[in-house]
Engineer: 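Handing you a structure now.
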Amino acid sequence: MTSTQQLSPTTGTVVKSPGRWLALSVLVLAVLLVAVDATVLGLATPSLSEDLKPSGTQLLWIGDIYSFVIAGLLVSMGSLGDRIGRKKLLLIGATAFGAVSVLNAYATSPEMMIVARALLGVAGATLMPSTLALIRNIFHDPKERSLAIGIWGATASAGAAIGPVVGGALLQHFYWGSVFLINLPVMAVLVLVGIKLLPESKNPVAGPWDLISVGLSLVGIIGVVYAVKELASHGVSVDVVAAAVIGAAALYAFVRRQYALTAPLLDMRLFKHRGFSGAVLADLLTVFGLSGLVFFLSQFLQLVQGREPLEAGLAELPAAVGAVVTGLLAGRYARRFSVRGIVAGGLAAIGLALAVITLVHRETGYPLLGAALLVVGLGAGFSFTVTADVILSSVPKEQAGSASAVSETAYELGAALGIALLGSIVTGVYRDFPAPAGVPSDTAAAAHESLGGAVEASTGLAPDAANALVSTAQDAFVDGLNIAAGVGAAVLLAASVAAWFLLKGQKLEDGVEHP
């Protein structure tokens with residue numbers, strides 16, 4: 001029995017303590033920490049590119065190595081939290097996240113930045129599964145839990161809004177590393193307050209933590225994602241085939257081992273629940289369709305439309321506002337109408353908004369872009385909140401950590417694949433632009449690495465040649481962005497159809513459970 005739930009000595013019913021909402025306030029700080037970090041990186045990319053001078057491939061690695069590592073470790077960390085205690089894992093992870101943020105802030109080379117982002121992924125893998133699992137064990141009233149999950153999701157969206165705005169303000173006055181240092185005060189509050197307010201919970205019969213399974217899941221997911229990324233960027237090669245084979249073999253061995261273990265790292269029987277599998281698939285495809293676009297949107301706003309970092313951050317605000325509003329209402333509407341209707345409708349809305357992005361060009365006015373971002377946020381708020389509720393409600397609370405980890409793995413895997421594939425589309429289209437006449441070959445080569453590289457390379461040219469190079473590069477970047485948005489739209493509309501069938505008959509819980 002935790003401090004947030006107690007039994008009445010006279011009636012034996014659950015007495016709801018106000019402490020559960022205070023505990024939630026600590027959990028959403030962890031969500032805020034991760035969300036802010038993810039969004040400020042995209043905003044800082046132009047400044048980071050100018051300082052560290054990464055190649056186009058290194059820039060993609062800086063963007064997605066965090067997601068690769070966190071995806072590879074989420075299942076392991078969710079299972080570890082079930083075993084050693086979710087509160088303990090959350091506080092350890094938050095401390096590590098803050099410490100590694102300093103390393104990110106003071107990276108001096110692209111290679112160091114990639115390593116720092118990877119270490120941040122290790123720490124980040126402990127946070128998200130722990131927060132959702134603790135929500136599952138703190139809130140025993142399904143309607144309250146839906147609201148708590150809505151607040152959890154809305155905070156992630158708020159972090160997406162706060163990140164660009166605060167990051168933009170920092171970038172106008174300080175160097176790019178300052179966007180990582182904002183993690184430190186949030187981490188400090190989380191740890192100090194969490195020690196007092198958060199109840200501990202774990203699976204009392206979870207069994208030992210299987211290190212072989214940990215290694216297989218890490219090698220498997222990173223191997224497969226790396227192969228997809230390299231295939232999209234450079235085509236078939238020996239490295240790609242080797243990574244794909246090793247990754248697939250490791251995942252196969254992981255699944256086989258889970259069925260053989262009496263205390264598996266991940267109970268594969270969870271996937272036999274159609275609602276659970278459908279919700280996980282919806283999350284993966286949604287993030288896949290969105291992530292590549294979001295990663296390059298900040299570059300479009302700054303390097304194509306010439307907005308200052310703070311202005312670019314404010315321009316992205318409608319998506320977060322929409323997600324906050326619908327995230328808080330999603331559980332109520334899913335009970336009033338249907339789970340599959342809310343999720344499928346949300347996914348379709350995102351798909352249609354992404355289709356609008358295919359019409360964007362260099363001179364596109366903000367009203368069209370802002371309206372599209374608002375619709376993206378509204379759809380995402382409905383979809384992500386309800387699927388998270390479905391996933392948590394589909395499993396016993398003792399397995400909440402593992403189930404939450406599967407949900408977050410789908411999210412991070414979708415992000416990594418989206419940045420790899422959709423980002424590679426943008427990069428591939430961009431690199432094919434013809435350099436204007438009179439541009440030296442070495443300058444043209446630097447310009448083809450990235451749009452930021454083109455802007456920097458143009459500074460050494462005569463005004464007419466510089467304007468021609470930047471203009472051509474911007475057009476090529478926008479062409480790639482349009483194509484990537486079209487692919488993302490197709491994926492989201494397909495996901496909407498899939499969710500309609502996979503979530504048929506799925507309902508959110510109504511009865512209060514006893515702790």
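Residues: numbered from 1 along the sequence shown. Every value quoted in this text rests on a predicted model; they were computed, and no experiment measured them.
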Engineer: Which atom pair, heavy atoms only, marks the closest approach of I350 to A380?
Structural biologist: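 Scanning both residues completely, I find the closest heavy atoms to be CD1-N, 3.5 Å.
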Engineer: Under a 3.5 Å distance rule, please check whether N104 uses its side chain to pair with a backbone N or O of F180 as donor and acceptor.
Structural biologist: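 Side chain of N104 to backbone of F180: no pair is present.
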Engineer: Is any side-chain heavy atom of F433 closer than 4.5 Å to one of L469?
Structural biologist: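 Yes. Closest side-chain heavy atoms under 4.5 Å.
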Engineer: Heavy-atom distance under 4.5 Å between the side chains of R86 and T131, does that happen here?
Structural biologist: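 A side-chain contact is absent here, since even the closest heavy-atom pair is not under 4.5 Å.
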Engineer: Starting at OG1 of T286, measure out to CZ of F384 and round the result to the nearest 0.5 Å.
Structural biologist: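 T286 OG1 to F384 CZ: 5.0 Å, rounded to 0.5 Å.
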Engineer: Let me see the working for T126 and I92 under side chain to side chain contact (heavy atoms under 4.5 Å, CB included), right down to the final yes or no.
Structural biologist: CA-CA 8 Å; T126 67; I92 292 172; over 6 Å; no
Engineer: Around atom CZ of F501, are there more than 12 heavy atoms from other residues, nucleotides or ligands closer than 6.0 Å?
Structural biologist: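 Not buried by this count: 12 neighbours or fewer within 6.0 Å.
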Engineer: Does F382 have any ring-ring contact (aromatic ring centres under 6.0 Å, His included) partners at least two apart in sequence or in another chain, and if so, which?
Structural biologist: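 With sequence neighbours excluded, F382 shows a ring-ring contact (aromatic ring centres under 6.0 Å, His included) to no residue whatsoever.
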Engineer: Can you sort out the partners of F300 under ring-ring contact (aromatic ring centres under 6.0 Å, His included), two or more places apart, ordered by chain and number?
Structural biologist: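 ring-ring contact (aromatic ring centres under 6.0 Å, His included) check on F300 returns nothing, list empty.
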Engineer: Could you tell me if the side chain of M187 sits less than 4.5 Å from the side chain of L190, heavy atoms only?
Structural biologist: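 They are not in contact (no side-chain heavy atoms under 4.5 Å apart), so the answer is no.
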Engineer: Return the set of residues passing side-chain contact (heavy atoms from CB on, under 4.5 Å) with A244 (not counting sequence neighbours), or none when no residue passes.
Structural biologist: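 Checked A244 against side-chain contact (heavy atoms from CB on, under 4.5 Å); matches are A227.
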Engineer: Hey, mind stepping through Y430 and L481 against side chain to side chain contact (heavy atoms under 4.5 Å, CB included) and telling me if it holds?
Structural biologist: CA-CA 9 Å; Y430 173 80; L481 184 64; over 6 Å; no
Engineer: Do side-chain atoms of S496 reach the backbone of A344 as a donor and acceptor pair under 3.5 angstrom?
Structural biologist: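 Yes, S496 side chain to A344 backbone: donor-acceptor pair under 3.5 Å.
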Engineer: Apply salt bridge (Lys or Arg N to Asp or Glu O under 4.0 Å) to D475 and list each qualifying residue two or more places apart in sequence or on a separate chain.
Structural biologist: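 With neighbours one apart ignored, the set is R362.
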Engineer: Taking all non-hydrogen atoms of both residues, which atom of V343 and which atom of A499 are closest, and how far apart?
Structural biologist: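 In this case the closest contact between V343 and A499 is CG1-CB, 4.0 Å.
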Engineer: Just verifying a value: how many Å separate E111 CD and L52 CG, rounded to the nearest 0.5 Å?
Structural biologist: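 So the CD of E111 and the CG of L52 are separated by 9.5 Å.
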Engineer: Any donor-acceptor pair under 3.5 Å linking the side chain of R340 with the backbone of L503?
Structural biologist: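 Side chain of R340 to backbone of L503: no pair is present.
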Engineer: Is there any salt bridge (charged side-chain N to carboxylate O under 4.0 Å, His left out) pair reaching into residues 97-109, and which pairs are they, with sequence neighbours excluded?
Structural biologist: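 As it turns out, there is no salt bridge (charged side-chain N to carboxylate O under 4.0 Å, His left out) pair with a partner in residues 97-109 once direct neighbours are skipped.
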Engineer: How close do I62 and I65 get, counting heavy atoms only, and between which atoms?
Structural biologist: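 For I62 and I65, the tightest heavy-atom pair comes out as O-CG2, 4.2 Å.
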Engineer: To the nearest 0.5 Å, what is the distance between CG on L492 and CG on L285?
Structural biologist: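 Output value for this atom pair is 8.0 Å.
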Engineer: Which distance, rounded to the nearest 0.5 Å, do you find between the CG of L134 and the CG of L89?
Structural biologist: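 Reported to 0.5 Å precision, the distance equals 9.5 Å.
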Engineer: Could you walk me through whether L90 and L27 pass the side chain to side chain contact (heavy atoms under 4.5 Å, CB included) check?
Structural biologist: CA-CA 9 Å; L90 177 69; L27 297 179; 3.8 Å; yes
Engineer: Can you check whether G379's main-chain N or O pairs, donor with acceptor, with S383's side chain at less than 3.5 Å?
Structural biologist: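 Side chain of S383 to backbone of G379: no pair is present.
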Engineer: Which distance, rounded to the nearest 0.5 Å, do you find between the CD1 of I84 and the CE of M77?
Structural biologist: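 Here the interatomic distance stands at 9.0 Å.
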Engineer: Find out whether D283 and I391 are in side-chain contact, i.e. whether some heavy atom of one side chain is under 4.5 Å from a heavy atom of the other.
Structural biologist: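 In contact.
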Engineer: Under the side chain to side chain contact (heavy atoms under 4.5 Å, CB included) rule, what do L493 and L354 come out as? Steps first, then yes or no, please.
Structural biologist: CA-CA 10 Å; L493 293 174; L354 291 182; over 6 Å; no
Engineer: Any chance you could measure K88, atom NZ, to L80, atom CG, to the nearest 0.5 Å?
Structural biologist: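 Here the rounded value is 9.5 Å.
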Engineer: What I want to check is whether the side chains of T358 and N482 have a donor and an acceptor closer together than 3.5 Å.
Structural biologist: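 On atom types as modelled, these side chains do not qualify, holding no pair under 3.5 Å.
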Engineer: Could you list the donor-acceptor pairs under 3.5 angstrom formed by side chains in residues 251-260, with sequence neighbours left out?
Structural biologist:
from	atom 1	to	atom 2	distance (Å)
Y252	OH	R256	NH1	2.9
R257	NE	D210	OD2	2.7
R257	NH2	D210	OD1	3.0
Q258	OE1	L265	N	2.7
Q258	OE1	L266	N	3.2
Q258	NE2	S213	OG	2.9
Q258	NE2	F254	O	3.1

